[in-house]
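First the structure, in the form of structure tokens, and then the observations on it.
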Amino acid sequence: MEKKHMSAFELYKTLPPDLPPTATKSPLQVANKKKRKKENGASKVSLKAQIKPERKPERKKMRKKSAQREESLKEITEDKECVNGHGEAGEALDALLADLAKVNNSKERASKLFQWLINPIPVKSFFRETWEKKPILVQRKNPDYYKGLFSTAEFDRILRQDEVQYGVNLDVTSYTNGKRETHNPPGRALPFTVWDFYESGCSLRLLNPQAFSSAVWNVLSTLQEQFGSMAGANVYLTPPGTQGFAPHYDDIEAFVVQLEGKKHWRVYSPRSEDEVLPVLSSTNFNQTNIGKPILEVVLEAGDLLYFPRGFIHQGDCLPDAHSLHITVSSFQKNSWGDLLHKVVPAALEIAMEEDVEFRQGLPLDYLTYMGVQNSDKDDPRRTKFFSRVEHLMKKLTTYAPVDAAVDQKARAFLHDCLPPMLTPEELATSVLGASARWEHGQVMDVGAKITAKTRVRVLRGGCARLCSDGEAVHLYYTTENSRVYHKEQLKSFEIKVEHTDAIEFLIHSYPKFVTVGSFPCDSAEDRITLAELLFDRGIIHTADAL
């Protein structure tokens, strides 16, 4: 059965979410109300996530495009940029990641990794001039620049060693004669069948490579701190002379990283203002719907192509080479409008509870002069009605629980996050690296204690966050998340009121290590208890191994 195009994020959303039960009253409403009560004199507490197709595509038909096409391609440069990254060879990824592991601050580490991704474009100028605005192309003439991130050999290893499921982890697709088809059998994707599909001209899309590849996991878990939003990825393997997907646009910011071979790309401007930075991905387009490309290029190994959400794109393989690329994506549903979706309903609830003006009745006769059937009336009562609505809308902002709404967005992000991939030093100083074990018929190396002199810090700058539902304060964290999107529930636990200041102190002290004895708690016992709790959950690690 034909499937509509979906981004990795949307495909993930087809999995059943494991979310905590919804509160009967909006946490945004309660938190904002509680805040105002505190401001009115109450004591203040600091607020501290296989059935084959009947007939597979014929390779000869799918590869009939002329081999002369590559030479005839012309780059169209309107509304796009091309950067030539000639010069030194890119640092091998394993060496780069090893060097980044020595960077003390995870935010700085994320920025440096993103700089490597888009090099030689400076990060600041990218976000100022390109991000969400226009495509940009980096041609490096260096096929080894991204070496070590992923490969076809690793794809084959994953198929042989891991439990890859059609439709969940892998899609088999084709696009011929203007028709996009998906050929997913049920069950596990085994090499015998997968490579048969590929040899018949089908494209292979690995939907969540971070679940199988440590390098991809490391890169994405680092980059998510750069974006402040989930960083995901799909891997695409396309046979020579074929195309796997119809023209479409996505609802994410896309970084196309060419790993092997080459691929011919066409990128098109949004068709109208309504499709600029769209909320949802598009359906598949026909060639007649999309006009002429603003950018047409052949990506070779080591090249990068970025385009914002809403830019229509399609990629096809030339007859003389296969293509392997990974698309790194982020920023789905992370707009001002998405935040206001949370703010406005909660603000209205609060306003109606606390302000009589919002509870006053509508005019008795408003149906006689308002509504579509009365929209052409020249009636002064309409002017007065609109004026009252405008007044209430402006007043509504005073009840907007913005901080609480941001915390709701933050909880959703923490749930989306990949768990941090620990460096050797972090592993040795965290609960995961504790040396307790069974050896020579007895338990060894247990009982290492945290003391007031033990120096600790949170594992990552963004791995934990304090949020309140108005009644209790919870600490949400990512260290027990799964590498499979939303496989685990959002992790949190309640924090005692007397410990909230200490949690804030820890979070704000990052990347510095602080002694447990410096925690702003009421007693030495409280400081040790809190440190042990956070250490056991993997949220903090020590400066030196216990």
Side-chain angles (χ1 to χ4, degrees), residues 48-49 94 97-98 100-106 109 210-211 213-215 217-218 220-222 224-225 414-415 417-466 474-484 487-496 499 502-503 505-507 509-519 521 523-546:
K48 323 272 171 246
D94 55 351
L97 294 175
L100 289 178
K102 301 172 186 175
V103 176
N104 192 42
N105 189 327
S106 61
R109 191 182 305 164
Q210 66 274 11
S213 165
S214 294
W217 170 27
N218 199 339
L220 296 183
S221 65
T222 302
Q224 64 194 12
E225 287 202 55
L414 292 179
H415 193 199
C417 275
L418 286 164
M421 184 173 178
L422 305 189
T423 67
E425 292 77 13
E426 289 168 342
L427 182 61
T429 56
S430 75
V431 68
L432 295 176
S435 60
R437 67 199 182 278
W438 177 267
E439 190 174 289
H440 304 306
Q442 60 183 334
V443 176
M444 307 285 289
D445 291 349
V446 294
K449 300 294 184 182
I450 291 177
T451 70
K453 294 182 179 180
T454 304
R455 293 187 302 135
V456 298
R457 69 171 184 178
V458 291
L459 200 58
R460 292 285 186 277
C463 76
R465 185 182 185 92
L466 276 168
H474 286 79
L475 184 66
Y476 295 84
Y477 60 101
T478 68
T479 54
E480 294 180 5
N481 283 6
S482 171
R483 289 162 65 177
V484 176
K487 183 178 180 180
E488 301 289 339
Q489 292 184 359
L490 176 61
K491 305 297 183 181
S492 71
F493 56 92
E494 188 172 344
I495 295 294
K496 295 179 181 179
H499 289 167
I503 299 290
F505 170 70
L506 259 174
I507 291 173
S509 295
Y510 184 85
K512 295 179 181 179
F513 285 92
V514 296
T515 63
V516 173
S518 67
F519 287 9
C521 293
S523 67
E525 183 181 0
D526 277 352
R527 298 182 187 104
I528 299 296
T529 299
L530 178 58
E532 289 176 340
L533 173 62
L534 298 176
F535 185 81
D536 287 347
R537 299 294 180 105
I539 298 169
I540 63 172
H541 70 117
T542 58
D544 303 295
L546 292 177

- line: Interatomic distance, CG@N218 vs CG@L97, rounded to 0.5 Å, equals 4.5 Å

task: Drop me the distance from L418's CG to R483's CZ, to the nearest 0.5 angstrom.
output: 8.5 Å

- prompt: Less than 4.5 Å apart, any side-chain heavy atom of T479 and any of P420?
  reply: yes

task: Determine which pairs satisfy side chain to side chain donor-acceptor pair (under 3.5 Å) with at least one residue from residues 528-537, sequence neighbours left out, and list them in order.
output: Y477-R537

message: Quick check for you: to the nearest 0.5 Å, what is the distance between I528 atom CD1 and F535 atom CZ?
response: 12.5 Å

S523 side chain to D526 backbone, donor-acceptor under 3.5 Å: yes

For Q224, side-chain hydrogen bond (donor to acceptor under 3.5 Å, both in side chains) partners two or more places apart: none

- request: Sequence neighbours left out, what passes side-chain contact (heavy atoms from CB on, under 4.5 Å) with A215? Give chain and number order.
  value: L93, S213

statement: Sequence neighbours excluded, the answer for side-chain hydrogen bond (donor to acceptor under 3.5 Å, both in side chains) partners of E525 is none

Less than 3.5 Å apart, which donor and acceptor atoms pair up between the side chains of residues 538-546 and the rest of the protein, not counting sequence neighbours?
{"from": "H541", "atom 1": "ND1", "to": "T429", "atom 2": "OG1", "distance (Å)": "2.9"}
{"from": "H541", "atom 1": "NE2", "to": "R457", "atom 2": "NE", "distance (Å)": "3.2"}
{"from": "T542", "atom 1": "OG1", "to": "T429", "atom 2": "O", "distance (Å)": "3.2"}
{"from": "T542", "atom 1": "OG1", "to": "D544", "atom 2": "O", "distance (Å)": "2.6"}

query: Of all heavy-atom pairs between Y476 and S492, which one has the smallest distance, and what is that distance?
result: CD2-CB, 3.3 Å

message: For a 4.5 angstrom cut-off between non-hydrogen side-chain atoms, does L422 reach L459?
response: yes

query: Atom CD1 in I503, atom CG in L530: separation rounded to 0.5 Å?
result: 4.5 Å

- prompt: Out of curiosity, I507 CD1 to L475 CG, how far, rounded to the nearest 0.5 Å?
  reply: 6.0 Å

- request: Taking side-chain hydrogen bond (donor to acceptor under 3.5 Å, both in side chains) as the test, write out the residues that go with R460, two or more places apart.
  value: E426

- prompt: Roughly how far apart are T423 OG1 and K102 NZ, rounded to 0.5 Å?
  reply: 11.0 Å

query: Who passes side-chain contact (heavy atoms from CB on, under 4.5 Å) against E439, sequence neighbours left out?
result: R437, M444

message: Holding to side-chain hydrogen bond (donor to acceptor under 3.5 Å, both in side chains), I want the full list of residues that pass it with T451, two or more places apart in sequence or in another chain.
response: T454

- prompt: Is the backbone N or O of C417 less than 3.5 Å from a side-chain atom of N481, with the two atoms forming a donor-acceptor pair by type?
  reply: yes

query: Taking only residues two or more places apart in sequence or in another chain, which ones pass side-chain contact (heavy atoms from CB on, under 4.5 Å) with K496?
result: E498, H499

query: Which pair of non-hydrogen atoms, one from S482 and one from P419, has the smallest distance, and what is that distance?
result: O-CD, 3.5 Å

message: Using every non-hydrogen atom in the two residues, find where S221 and M421 come nearest and quote the distance to one decimal.
response: OG-N, 4.0 Å

field: Contacts of V103 that satisfy side-chain contact (heavy atoms from CB on, under 4.5 Å) - sequence neighbours left out
entry: L100, E108, R109, K112

